[in-house]
Engineer: 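Quick one: this structure, given as structure tokens, is what I'll be asking you about.
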Amino acid sequence: MAVHEPTKGSQWWRSGVIYQIYPRSFLDSNGDGMGDLAGITKGLPALKELGVDAVWLSPFYRSPQKDAGYDVSDYVAVDPLFGDLNDFDEMLAKAHELGLRVMIDLVPNHSSDQHEWFQKAFASPKGSPERDFYHFKDGKGENGELPPNNWVSMFGGPAWTQVPDGQWYCHLFDSSQPDLNWSNPKVKKAFEEILRFWLDRGVDGFRVDQPHAMAKKEGLPDHPYVTEAGAGFIEGREAPPMWFQDEVHEIFRDWKSILDEYPGDRAMCGEAYVLPLSLMAKWVRPDEFHQTFNFRFLDAGWQKDTLVAAIDESFEAFDAVGAPSTWVLSNHDVIRHASRFGGEYGRATASDGIGPSDPQPDSELGLIKARAATLFMLGLPGASYLYQGEELGLPEHTTLEPKHRQDPTFARTKGERVGRDGCRVPLPWVAGGEANGFSSVSGWLPQPVIYAELARESQVGKEGSTLELYKSALRLRKKLSLGEGSFDWVLTGDVLSYKNGNITAVHNFGQEPWPLEGNAIIRSGDGSETLFPNETAWLV
Ligand code: NOJ
């Protein structure tokens, strides 16, 4: 069983709590129903009060928004939907004034098909240097009428689209998101300039999208077990030609050395879906990423055995290379944990949202478990990621009608997979009005009725509210330096507990109340002599 010694190294990213802002759904300042950068500036003081150390902004770059901004058409411009570079600078200055760091999302695996690189590639002949920015290939079959290989898109359907001269281009996601060719030195150079552009502006780091897809195996051979794995891979089997190829590490070593030229602990977090974590640890060796997301933990669900195994594996793998583990329960791609834990929805990263015709979550149980899970997570040493709205206990919107669905997964699978819109609904700030204070008009996605009750303003100062629970947990975490702390299991039965410094975090996975042994300095449920099933407490 894992034991973790206190963190060596004082950089903020080793222990910080990073709050993910999904710009289109955070706060709308100009009444167009879409969140924006000026809205973020306005909302930052609330995040300071919450007690986080940093924010990570999902993409706000110029984009046709075919995949909510993960389809970038200009990496050094702000999309007019969100404002302009001045708004960005103001937001950054405000964050820094408040002592909050800002990480931005970089999307290097693919651009938008509206990016000028792709527009030029499209208009240029076969074999031209312009085409070499992307993966253009001739098709198979007598007349090249079949895709060059058997790859499928993560969003459903083939990973290839044919252009008028007969060639095909590769897209692991939507056809509007062509994959860039990272074996082309010009692509590398272009991104180094993009990194510097934002570092010069003062960002504190990057969350890097899909880094494990950037290097593709030479010649783009078939996926060897596509029928079993679809677009993905199977743990323990050989890496398919589009996932975690060794060549990718060199790119991030270069990026790390660029970040190191800048003062102030700039950091990179990779959204690398690489398993087991012993493989993922290669990504956070001292000269590569500072940290990666921990999908093992995210996928563990709220079940004792998988949770214990995920925590053990995390400390073993990351400690071996001197990197912090990260912890996360929700993000913009998975069912919010207040709903996920209220039903049987499988692995977070393999689930596809909840639709009106799916079994609906038990929202009361979901929230009880979600609060407990978060408290259990925030006691762990390492860095933690929070997703906007979880501090309000927001559930997924599970009854969105098809007409509102915008995730490309919905259209590409003809509605079979409802997609991720349910976790991306605008935040409620103040109950009432068109969008509970998010905007003066209705938001780009409608909110479920319960969001009025959960509005931030109604939870401020309210005893027992989820917001106050998060605030207290973050305050104590900081005061007791838990992020930099140690880890040792205490009990691994139905009552599960670990020690971090002077506190013992305990969760009751059992069916019976458990008599508390110690003073609870914080708990996820309401106070009594016992720890109820599905409750977490920190004891001293
Ligand atoms: C991961 C992002 O988190 C997700 O939202 C996006 O659709 C894909 N990468 C493609 O960029």
Side-chain angles (χ1 to χ4, degrees), residues 18-26 56-73 75 79 103-115 118 134 151-157 159 170-180 182 191 194 206-214 216 230-233 242-244 248 268-274 289 292-295 298-299 326 328-336 347-353 385-388 396 405-413 417-425 444-445:
I18 301 149
Y19 180 98
Q20 180 188 357
I21 293 182
Y22 198 62
R24 49 171 52 222
S25 296
F26 187 70
W56 143 39
L57 268 59
S58 280
F60 49 80
Y61 312 103
R62 192 178 287 274
S63 159
Q65 306 291 328
K66 291 283 170 50
D67 183 23
Y70 283 92
D71 49 320
V72 180
S73 57
Y75 289 91
D79 195 278
M103 295 176 89
I104 60 172
D105 212 314
L106 197 66
V107 192
N109 175 65
H110 43 267
S111 72
S112 158
D113 61 355
Q114 299 306 305
H115 195 290
F118 190 79
Y134 295 88
W151 297 5
V152 294
S153 152
M154 294 292 287
F155 291 159
C170 171
H171 52 87
L172 292 182
F173 295 89
D174 190 50
S175 55
S176 64
Q177 295 166 294
D179 280 44
L180 285 154
W182 276 89
F191 271 88
I194 293 164
F206 302 95
R207 174 266 191 194
V208 181
D209 191 68
Q210 301 294 148
H212 53 309
M214 286 160 67
K216 315 258 187 317
F233 65 93
M242 69 293 269
W243 300 123
F244 44 97
V248 85
M268 284 190 306
C269 176
E271 190 226 7
Y273 191 85
V274 179
F289 278 101
T292 51
F293 286 141
N294 188 342
F295 290 110
L298 179 65
D299 273 341
T326 63
V328 65
L329 288 163
S330 278
N331 66 34
H332 67 294
D333 290 330
V334 304
I335 299 170
R336 284 182 173 278
R347 278 195 301 123
T349 56
S351 60
D352 259 311
Y385 278 81
L386 304 178
Y387 176 49
Q388 70 176 33
E396 188 85 356
R405 297 263 168 209
Q406 304 210 11
D407 184 346
T409 313
F410 183 73
R412 286 184 69 88
T413 62
R417 291 162 57 186
V418 293
R420 302 160 294 177
D421 295 307
C423 65
R424 300 175 171 181
V425 170
W444 69 280
L445 281 177

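In listed order, ligands and their atoms are each counted from 1.
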Engineer: Glu271 heavy atoms, cut-off 4.0 Å: which ligand 1 atoms fall inside?
Structural biologist: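 Once the distances to Glu271 are compared, the set is 1 (C), 3 (O).
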
Engineer: Number the atoms of ligand 1 from 1 as they appear, then name those within less than 4.0 Å of a heavy atom of Gln210, with their elements.
Structural biologist: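 In order of numbering, the contacting atoms are 1 (C), 8 (C), 9 (N).
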
Engineer: Could you list the atoms of ligand 1 found under 4.0 angstrom from a heavy atom of Phe173?
Structural biologist: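 So the atoms of ligand 1 that pass are 8 (C), 10 (C).
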
Engineer: Between Trp243 and Tyr273, is there a donor-acceptor pair closer than 3.5 Å when you use the side chain of the first and the backbone of the second?
Structural biologist: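 No, because the side chain of Trp243 does not come within donor-acceptor range (under 3.5 Å) of the backbone of Tyr273.
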
Engineer: Which of the numbered atoms in ligand 1 are under 4.0 angstrom from any heavy atom belonging to His110?
Structural biologist: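 Checking each atom against His110, I get 10 (C), 11 (O).
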
Engineer: Looking at the rings of Phe293 and Tyr385, which for Trp means the six-membered one, are their centres under 6.0 Å apart?
Structural biologist: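 So the answer is yes for these two rings.
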
Engineer: Can we call the ring centroids of His115 and Tyr134 under 6.0 Å apart?
Structural biologist: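 So the answer is no for these two rings.
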
Engineer: Please work out whether any backbone atom (N, CA, C, O) or any side-chain heavy atom from C-beta onward of His332 is under 4.0 Å from ligand 1, and answer side chain, backbone, both or neither.
Structural biologist: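 For His332, the contact with ligand 1 is made by the side chain alone.
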
Engineer: If you measure from each heavy atom of Arg420 to ligand 1, is any distance below 4.0 Å?
Structural biologist: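 Yes.
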
Engineer: Short question: side chain of Tyr22, backbone of Val425 - any donor-acceptor pair under 3.5 Å?
Structural biologist: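 No.
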
Engineer: Among Asp67, Asp113, Asn109, Asp71, find the one that has a side chain to side chain donor-acceptor pair (under 3.5 Å) with Gln177.
Structural biologist: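 Answer to the side chain to side chain donor-acceptor pair (under 3.5 Å) test with Gln177 among Asp67, Asp113, Asn109, Asp71: Asp67.
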
Engineer: For ligand 1, is any non-hydrogen atom under 4.0 Å from Gln20's backbone (N, CA, C, O), its side chain (CB onward), both, or neither?
Structural biologist: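 Neither; nothing of Gln20 gets under 4.0 Å from ligand 1.
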
Engineer: Can you tell me if Lys66 has a non-hydrogen atom under 4.0 Å from ligand 1?
Structural biologist: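 For ligand 1, residue contact (heavy atoms, under 4.0 Å) with Lys66 is absent.
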
Engineer: When you measure from the side chain of Thr326 to the backbone N and O of Thr292, does any donor-acceptor pair fall under 3.5 Å?
Structural biologist: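 It does hold such a pair.
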
Engineer: Once you restrict to heavy atoms under 4.0 Å, what part of Phe155 touches ligand 1? Side chain, backbone, both or neither.
Structural biologist: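 Under 4.0 Å from ligand 1, Phe155 contributes side-chain atoms alone.
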
Engineer: Can you sort out which atoms of ligand 1 are near Arg424, meaning under 4.0 Å from one of its heavy atoms?
Structural biologist: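 Close to Arg424: 5 (O).
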
Engineer: Can a donor-acceptor pair be found, under 3.5 Å and without considering hydrogens, that links the side chain of Asp421 to the backbone of Asp407?
Structural biologist: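 Yes; judged by distance alone, with no hydrogens or angles, the pair exists.
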
Engineer: Indicate yes or no for a side-chain donor-acceptor contact from Gln388 to the backbone of Ile21 under 3.5 Å, with no hydrogens or angles considered.
Structural biologist: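 Here the side-chain-to-backbone pair does not exist.
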
Engineer: Please state which option from Asp105, Asp67, Leu172, Asp209 has its nearest heavy atom closest to atom 11 (O) of ligand 1.
Structural biologist: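 That would be Asp209.
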
Engineer: Which protein non-hydrogen atom lies closest to atom 5 (O) of ligand 1, naming both residue and atom, and how far is it?
Structural biologist: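 Ranked first by proximity to atom 5 (O) of ligand 1 is Asp333 OD1, 2.7 Å.
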
